[in-house]
Amino acid sequence: MAELYVNQAREYSNARPSYPPQLFQFIASKTPSHNLVWDVATGSGQAPKSLATLYNNVVATDASEKQLEFATLLHNVRYQHTPSTMSAQPRFLIMSMAELEQMVSSQGTIDLVTIAQALHWFDLSTFYKQVNWVLKKPHGIIATWCYNSPRVNDAVDALHDKENYETVDFPFGPVEGVDHTGPFEFVAETVMDFDDFLTYIRSRSSYQTSKNNGVELLKEDVIENFKLARGEDGQKTVKFQVYLRIGRVMDA
Ligand SMILES: C[S@@+](CC[C@H](N)C(=O)[O-])C[C@H]1O[C@@H](n2cnc3c(N)ncnc32)[C@H](O)[C@@H]1O
């Protein structure tokens, strides 16, 4: 939900990881043409930085204007604020077909649709119809990935939840060279000190939701537990396990 990212958009842009080059090379190797990408729910442009080096043009959309304010401007990336409404599910519709055509691109024109760490927000049946409409036939590709909390050490990792898109509805065919749609695993590494780690936690929508409801999840004792589990102070290289689902456009 886009408004959850209003208050911590700065934290988000500072604390979230960039994705590994291997992830983008794998995805780009599956699209025969490298003209146009749509990065949906782009946040502050975490994926476009790399996509822009592999594709001629990127349209990067998000429902939060605040998130887009923190995105790095690049000559071949067009950032676009898009509307969102609640569906019956309740999940979010990204926009109407008319808005899609007007704000993103016309039918059958996009080589690749990417959704990084955001698929869980969407009403998937509506969203997938839009993806199929906008992708080129027959070679258009959808790629979506998520990551779980950074791996610091066994003690800290045990305090976090896990998610890996194994069971998410993903009605697309395998891309060339593989016989399933994933999850394929990659690793993003970043250097964090303890404050960076806390900033990462504060950038999560679950943290913000609790805070909006008067519950501070990072109380003194919780911070102390993380500190003890983490061990010595200073910077640490932490790993985010990235899980990719990738598939071909459907014919219909
Ligand atoms: C966890 S962030 C992911 C941001 C970025 N893709 C990344 O890799 O870090 C989720 C993003 O989804 C956006 N979002 C949520 N609902 C949306 C909707 N219905 N339409 C477009 N963007 C939406 C939020 O504003 C937020 O920036």
Side-chain angles (χ1 to χ4, degrees), residues 1-21 23-24 27 37-52 58-72 74 77-97 99-100 102-104 112-131 134 142-150 161 163-165 168 186-188 190 196 199-209 212 240-245:
M1 192 192 302
E3 62 267 25
L4 288 176
Y5 294 93
V6 167
N7 295 327
Q8 88 278 33
R10 184 181 301 279
E11 281 90 346
Y12 198 99
S13 68
N14 289 335
R16 293 300 175 123
S18 297
Y19 301 111
L23 170 75
F24 294 103
I27 295 170
V37 186
W38 174 25
D39 184 48
V40 188
T42 195
S44 34
Q46 281 69 22
K49 278 183 274 184
S50 301
L51 291 168
V58 181
V59 184
T61 61
D62 201 282
S64 164
E65 281 185 294
K66 199 73 192 167
Q67 286 276 72
L68 294 173
E69 266 177 35
F70 289 92
T72 309
L74 296 164
V77 179
R78 174 168 67 86
Y79 289 101
Q80 172 73 51
H81 175 238
T82 49
S84 70
T85 48
M86 180 75 91
S87 74
Q89 302 277 337
R91 287 273 170 179
F92 286 85
L93 303 174
I94 52 170
M95 60 190 115
S96 68
M97 293 305 284
E99 287 163 340
L100 175 66
Q102 190 203 333
M103 295 179 175
V104 179
L112 171 67
V113 174
T114 53
I115 315 100
Q117 191 74 351
L119 192 67
H120 49 285
W121 290 118
F122 298 132
D123 177 303
L124 290 183
S125 65
T126 309
F127 177 54
Y128 287 152
K129 278 186 201 126
Q130 299 194 340
V131 169
V134 89
I142 173 173
T144 181
W145 61 93
C146 65
Y147 54 85
N148 47 41
S149 298
D161 52 345
E163 175 176 70
N164 60 16
Y165 279 180
V168 73
F186 295 84
V187 178
T190 189
D196 298 330
T199 304
Y200 166 78
I201 300 208
R202 290 191 183 102
S203 79
R204 295 182 62 153
S205 56
S206 48
Y207 173 84
Q208 198 60 39
T209 304
N212 292 348
F240 291 82
Q241 200 70 26
V242 175
Y243 301 93
L244 168 74
R245 299 293 302 266

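Counting convention: from 1, in listed order, for ligands and their atoms alike.
Considering backbone and side-chain N/O of V40, none are found under 3.5 Å from N/O of ligand 1. The N/O atoms of F122, backbone and side chain alike, include none that comes under 3.5 Å of an N/O atom in ligand 1. Note: an N/O pair closer than 3.5 Å links A41 and ligand 1 by distance alone. Note: an N/O pair closer than 3.5 Å links D62 and ligand 1 by distance alone. When only interatomic distances are considered, the shortest N/O to N/O separation between T82 and ligand 1 does not fall below 3.5 Å.
W145 and Y165 have their aromatic ring centers separated by at least 6.0 angstrom. Ring pair Y207/Y200: centre-to-centre distance not below 6.0 Å.
A heavy-atom distance below 4.5 Å is not found between the side chains of V187 and V242. At a threshold of 4.5 Å between non-hydrogen side-chain atoms, the residues V168 and L124 count as touching.
Counting atoms of ligand 1 from 1 in the listed order, those under 4.0 Å from a heavy atom of Q67 are 26 (C), 27 (O). Near Y19, with a cut-off below 4.0 Å to any heavy atom, the atoms of ligand 1 are 7 (C), 8 (O), 9 (O). Atoms of ligand 1 found under 4.0 Å from any heavy atom of A116 (numbered from 1 in listed order, with element): 3 (C), 5 (C), 6 (N), 7 (C), 8 (O).
Checked against side-chain hydrogen bond (donor to acceptor under 3.5 Å, both in side chains), S96 has the following partners two or more places apart in sequence or in another chain: E99. Applying the side-chain hydrogen bond (donor to acceptor under 3.5 Å, both in side chains) test to Q80 and every residue at least two apart in sequence or in another chain returns R78.
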Determine, step by step, whether T126 and D123 satisfy the side chain to side chain donor-acceptor pair (under 3.5 Å) criterion, reporting the C-alpha distance in whole Å, the side-chain angles of both residues, the deciding distance to 0.1 Å, and the verdict.
CA-CA 6 Å; T126 309; D123 177 303; 2.9 Å; yes
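Under 4.0 angstrom from ligand 1, the non-hydrogen atoms of T42 all belong to its backbone.
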